[in-house]
Amino acid sequence: SLHLLQTALAGYELLLEDQSITRPEVITIIDFSLPSDKERLWVLDLVQWKVLFHCLVSHGRNSGELMAENFSNKPGSNASSPGFYVTGETYIGKHGLSLALDGLEMGINDKARIRAIVMHGADYVSADFIRKYGRLGRSLGCPAVPKVLSKEIIQTIKDGSCLFIYVPKTSYISNSPIISKITSTTKV
């Protein structure tokens, strides 16, 4: 939605200003207001204003079944965390090429690194899985993407770009340090 895009880009501008992100040319947006059987991840090229990827993405198993409804920043919670992240380095893990993520929102997602919340490819993020179970498989909190796209997506967004996981819940919106900054600086 337009509101979601505006929020993502306003947060991105703030992060660019305070140099939290060093790769301004792309942004990744995950919309957890959508169910897991819908393509709810977008990677946008902000230089050419085009969509580079639009695909499925998982949420954590303790966030919900088809919909992601519960969120946590706690280690061991196996839930997703909303908010703004900066992408880190890549490494080869048990899911192959993986991408470290650093949460930029205190109390909301700032434990992402300790929790090993990373982007990786997974077999359970596929149309086949949805056909069988009516929803995607779920991660331990990681935004896992389809195996066939994971390498390309990770190479495109690694090393300092903005990733935003949108959650239409007041528990996130009203506690988000970045969203409260956006709202206070927006000219009405």
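FYI, the numbering just counts along the sequence from 1.
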Would you say [X]'s side chain and [Y]'s backbone share a donor-acceptor pair under 3.5 angstrom?
X    : Y    : answer
D37  : R135 : no
S58  : C142 : yes
S98  : H120 : no
T170 : I173 : no
T87  : I157 : yes

State, without any angle test, whether [X] and [Y] hold a side-chain donor-acceptor pair at a distance under 3.5 Å.
X    : Y    : value
Y85  : E105 : no
N62  : N70  : no
R115 : S81  : yes
S33  : R40  : no

Open item on the list: I need the L9 CG to L16 CG distance, nearest 0.5 Å.
Closed with: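 Spacing of CG (L9) from CG (L16) equals 11.0 Å.
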Open item on the list: Using a 6.0 Å cut-off, check whether atom CE of M106 has over 12 heavy atoms from anything other than its own residue.
Closed with: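 Check fails, neighbour count at 12 or below.
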Task: D123 and K147 ion-paired at < 4.0 Å - done: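 Judged by the 4.0 Å cut-off on N to carboxylate O distance, D123 and K147 do form a salt bridge.
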Task: Presence of salt bridge, E69 and K169, under 4.0 angstrom - done: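 The answer is no: the pair does not qualify as a salt bridge.
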TODO: From the options V43, L97, T28, select the one residue that forms a side-chain contact (heavy atoms from CB on, under 4.5 Å) with I153.
DONE: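 Testing I153 for a side-chain contact (heavy atoms from CB on, under 4.5 Å) against V43, L97, T28 leaves exactly one candidate, V43.
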Open item on the list: Among D18, L15, L163, which residue satisfies the side-chain contact (heavy atoms from CB on, under 4.5 Å) criterion with L104?
Closed with: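 Testing each of D18, L15, L163 against L104, the sole residue satisfying side-chain contact (heavy atoms from CB on, under 4.5 Å) is L15.
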Task: Verdict with reasoning, L52 to W42, per side chain to side chain contact (heavy atoms under 4.5 Å, CB included) - done: CA-CA 7 Å; L52 299 176; W42 290 262; over 6 Å; no
TODO: Verify side chain to side chain contact (heavy atoms under 4.5 Å, CB included) between D102 and V86, making sure each step is shown before the conclusion.
DONE: CA-CA 5 Å; D102 287 295; V86 59; 3.8 Å; yes
